[in-house]
Amino acid sequence: MGRVAATSARIGTVGAQRPRRLRRTAALRSLVRSTRLSAGQLVMPLFVVSGHDRSEPIRSLPGHARLSVDRAVAQARELAQLGVGGVLLFGIPDRKDAEGSGASDPAGPVPSALRALKEAGLPLVVAADVCLCEYTTHGHCGVIHEGEVDNDATLPLLAEAAVAYAEAGADIVGPSGMMDGQVAELRAALDGAGHAGVAIMAYSSKAASALYGPFREAAGSTPAFGDRRGYQMDYANAREAMREMELDVREGADILMVKPAVTSLDLLVRAQKRFDLPLAAYQVSGEVAMLEAAAERGWIDRKAAALETLTAIVRAGAGIVITYLAADAARWLQEDPR
Ligand code: PBG
Ligand code: ZN
C-alpha cells in the first residue's frame, strides 16, 4: 500500500507534470507569461500649482513635485513620449476656504493645466480629480454642516467643478469624494452643460485608508478635525464595495476604480466577474512610499518590487493603473517589455 502510493506520487511529479519545464529560460517564461504590462495602461497623477517654472519636491514621494502649469505640461510631454496612457490632475490652490470654492475656479491650477495640455495636443488622456479636500480650509471632501460633511450640499459643488474641468478640456473627470450620488450628479451636470462626451471615472470603492499620507502632505489636505471614515469606505467590507460599484454603474459611470490597489486585489477579481466596464486601480501614495522607503534602505529591489506590484494589480483585473511609478515603469518596459 505504501509502495503503491509512493509510485503514483512519483508518476505525478516525475511523469507528465513538470511545471519547471516552462520556467527554464527567459524566452520560455516570456512565452507563457499570462499578465503583461504596457505603458499605455498607466496613468500618472500630477499635482498642479499656480505660477511659472515652479517645482516643489514632495518629500514623501521621491521624484514627484508640485508643478506649475508649464512644468506640468513639460512632464506630460515626457510621459507621452514614454507611451504612458494618461495623467490625472490634482490642484493645489493658493487660497483655501470653507466651501472649497477654488475647486471650480476656471482660473485655478487644474483648468489652467487642462487648457495648456489641450493646446499641447499630446497623445495621452487627460483626467481631472474632482473633490473639495484640496480646496477646503478644513481638509474634508465636502462642506461641513454641524460638524459633519453634508452630502447633498456638497453634490452641486462637485458638479460645478466637473463642468469647469470639462469646459477646460478634460477627457475624464474622477469624483473621489465618496459622496452618495456624486456620479449621477456629475453626469446630469455634464450633459446639461453640453459635455455628454466627457467620461466619468468613479472612485467607486475608495477605502478610508492609512495609505494616503504622502498625498495629503503634497496637497495640504489632511482633515483639520476627525477623519474620513464617515464617507470613505470601511476597508473590511467587500460586498459593500460591490454595492458601491453597482450604484456607480447605474448612475452612469464609464470606468470603475478601486483604491488603494494592492489592498483591494480581491475586489478587482470580484468586479471583473460582475461588471463589464473598464476597471481601474489606484496605487496610492502610501503604497509607493512604502516601496520607496524600503528600496532607499536597500531592503528591497525598487524596480523588481515595483513591477511585481503593478503586475499583481493587472493580474487581479485592473486594465488601468494609476500610479506614481508610471514614468519609471514605462521606461523599464521599454528596455525590457513583459
Ligand atoms: C482626494 C483624494 C485623495 C487621494 C486621491 N484623491 C486623498 C484622500 O482621500 O485623502 C489619495 C491618493 C493617494 O494617496 O495617492 N479625495
Ligand atoms: Zn477629497
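In each ligand, atom 1 is the first atom listed, and ligand 1 is the first ligand listed. Values below: every heavy atom of this structure, side chains too, minus hydrogens, waters and symmetry copies.
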Looking at atom 1 (C) of ligand 1, what's its closest protein heavy atom, distance included? C133 SG, 3.3 Å
What part of S176, side chain from CB on, backbone N/CA/C/O, both or neither, has a heavy atom under 4.0 Å from ligand 1? both
Q232: numbered ligand 1 atoms lying under 4.0 Å from its heavy atoms: 8 (C), 9 (O)
At a threshold of 2.8 Å, where the distance has to be below it, does the Zn ion (ligand 2) have an N, O or S atom of H140 nearby? no
Heteroatom proximity flag, E134 to ligand 1, N/O under 3.5 Å: no
Among all the protein's non-hydrogen atoms, which is closest to atom 10 (O) of ligand 1, and how far away is it? R216 NE, 2.6 Å
shortest atom 2 (C) of ligand 1-to-protein heavy-atom contact is with K206 NZ, 3.2 Å
Indicate yes or no: does R71 engage D53 in a salt bridge with an N to O separation below 4.0 Å. yes
Closest protein heavy atom (residue, atom, distance) for atom 14 (O) of ligand 1: S285 OG, 2.7 Å
Student check: side-chain heavy atoms of V43 and V87 closer than 4.5 Å: no
Parallel, tilted or perpendicular: which one describes the rings of Y282 and F90, with boundaries at 30° and 60°? tilted
Provide the number and element of each atom of ligand 1 under 4.0 Å from a heavy atom of D129. 6 (N)
Has R228 got any heavy atom lying under 4.0 angstrom from an atom of ligand 1? yes
So, S221 versus E134: side-chain donor-acceptor pair below 3.5 Å or not? no
Take Q283 and T309 through the test side-chain hydrogen bond (donor to acceptor under 3.5 Å, both in side chains) and record every step on the way to the result. CA-CA 9 Å; Q283 184 177 45; T309 57; 3.1 Å; yes
The closest protein heavy-atom partner of atom 15 (O) of ligand 1 is Y324 OH, 2.6 Å
Can you confirm, on distance only, whether ligand 1 has an N/O atom lying under 3.5 Å from any N/O atom belonging to Y203? no
Three-point angle C131:SG, the Zn ion (ligand 2), C133:SG, rounded to the nearest 10°: 120°
Six-ring centre of Y231, K206 cation under 6.0 angstrom, axis tolerance 45°: no
Within-4.5 Å side-chain heavy-atom neighbours: D328 and R331: yes
Under 4.0 Å to a heavy atom of C131 - the qualifying atoms of ligand 1, by number: 16 (N)
Just checking, any donor-acceptor pair under 3.5 angstrom between side chains of D97 and Y135? no
Does even one non-hydrogen atom of S221 get within less than 4.0 Å of ligand 1? no
Does the residue Q283 have a heavy-atom contact with ligand 1, meaning some pair of atoms that are separated by less than 4.0 Å? no
Just need the protein heavy atom nearest to atom 4 (C) of ligand 1, so name the residue and atom and give the distance. K259 NZ, 2.7 Å
Please report the interatomic distance CG(D254) to CG(D248), rounded to the nearest 0.5 Å. 11.0 Å
Heavy atom of the protein closest to atom 12 (C) of ligand 1 (residue, atom name, distance): F215 CD1, 3.4 Å
Knowing that exactly one of E240, M245, E244 qualifies, which makes a side chain to side chain contact (heavy atoms under 4.5 Å, CB included) with M242? M245
Do any heavy atoms of E287 fall under 4.0 Å from ligand 1? no
Taking only Lys NZ, Arg NE, NH1 and NH2, and the carboxylate oxygens of Asp or Glu, determine whether R187 and E185 approach each other closer than 4.0 Å. no
